[in-house]
There are 2 protein chains.
Amino acid sequence: MEQVASGLVRLTFLVQSVYAEVGCGCELTPTQAQMLCVLREGPKGMAELCGVLGVERSSLTGLVDRAERSGLVVRTPDPTDRRAVKVALTEAGDRAAREFHEQITSRLAALLDDLSPTEQVRFSRSLTRIVTAAGVPLAIGPH
Amino acid sequence: MEQVASGLVRLTFLVQSVYAEVGCGCELTPTQAQMLCVLREGPKGMAELCGVLGVERSSLTGLVDRAERSGLVVRTPDPTDRRAVKVALTEAGDRAAREFHEQITSRLAALLDDLSPTEQVRFSRSLTRIVTAAGVPLAIGPH
DNA sequence: TATTGTTATACTCTATAACTATA
DNA sequence: TATAGTTATAGAGTATAACAATA
């Protein structure tokens, strides 16, 4: 039990550090990387984005503000609801998101390099089972 | 590759949320929980603690300030070096650290409940192999 | 001169509560 | 009244640079 818990915490640290490092290389904070990855699915309203990211609206306002200031996203008015806005990736944001996604995917997969092919498959399956059982959403990102 | 990366990120999510939740129940922020766990080994100097936690000294000053204000740790002068201080757990800090450690250990181990005993052993072994290969230090998180 | 730790400053991320505008 | 989003405010966590005291 002790062993497993320690392993899980250490793995979490490892993944976080890779995530931060890759993000840094793309000039993205981990939170920005996460948001940009979500926005690759398409433009989203603030409330919707809050739900996916698991943050409060006031927090998201700041996140979008900073990302917008950095030219990664834009707010556009929602034609169907004048209270609402849609947050969408800019071209630069899309480029950064793609780059981040590509790199994080290969960097994280490489963490399993020391396992045999069979072990890799088993590990990956168990991983999926664990997070599925716990109901963790699919979106890539921390928190 | 995509699969593995997604699984790793989702697992990281999951572990972080459990970590935060357990910490919250012990009135600890995740960072405080981590620091307190490290200090269970014994008192440490600021510089040493920085190394283990992977933060800058100025950051640690704030962390220790807040933990000290909450009565979790104390700074005591180092008799062998008048520049230095030792950071040690108070009784309350030790109690919180124990409680956190106990709970996080069982909560994280429980994440593997859906795997068969064989799969649990395999998963745990692979976990250890991955973090060992990557050189993730042991001291971080629960021991 | 090098090391230990703090201070000053600035930024990101987060939340709660109060607010505006629209539905 | 309820929902969408922002503003005001506060606090944790992080870093860099400048500084003090001691080795």
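Throughout, a chain's letter reflects where its sequence line sits, starting with A, and its residues are numbered from 1.
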Which residue in the set A/R122, A/R129, A/R125 passes salt bridge (Lys or Arg N to Asp or Glu O under 4.0 Å) when paired with B/E119?
A/R129

Enclosure of B/E27 CD (heavy-atom neighbours >12, cutoff 6.0 Å)
no

CG of B/D65 versus P of C/dA8: gap in Å, rounded?
12 Å

Under the side chain to side chain donor-acceptor pair (under 3.5 Å) test, which residues partner B/R75, sequence neighbours left out?
B/D65, B/E68

Look at atom CD of B/E48 and say whether more than 12 heavy atoms of other residues, nucleotides or ligands are closer to it than 6.0 Å.
yes

Please confirm whether the backbone N or O of B/M46 pairs with a side-chain atom of B/R57, one donor and one acceptor, at under 3.5 Å?
no

D/dG5 P sits how many Å from A/L53 CG, rounded?
13 Å

So, with a heavy-atom separation below 4.0 Å from DNA chain C, the residues of residues 70-86 of chain A are A/D81, A/R82, A/R83

Shortest non-hydrogen contact from A/L60 toward A/C50:
CD2-SG, 3.6 Å

Would you call the rings of B/F123 and A/F123 parallel, tilted or perpendicular, where under 30° means parallel and over 60° means perpendicular?
parallel

In B/S/- notation, 5' to 3', how is nucleotides 10-17 of chain D contacted by protein heavy atoms closer than 4.0 Å?
--SBBBBB

Rounded off to whole Å, could you give me the CD-to-C1' distance for the B/E68 and C/dG5 pair?
13 Å

Single hit among A/D94, A/L72, A/L49 for side chain to side chain contact (heavy atoms under 4.5 Å, CB included) with A/L39:
A/L49

Grab the NZ-C1' distance between A/K44 and D/dA4 for me, whole Å please.
17 Å

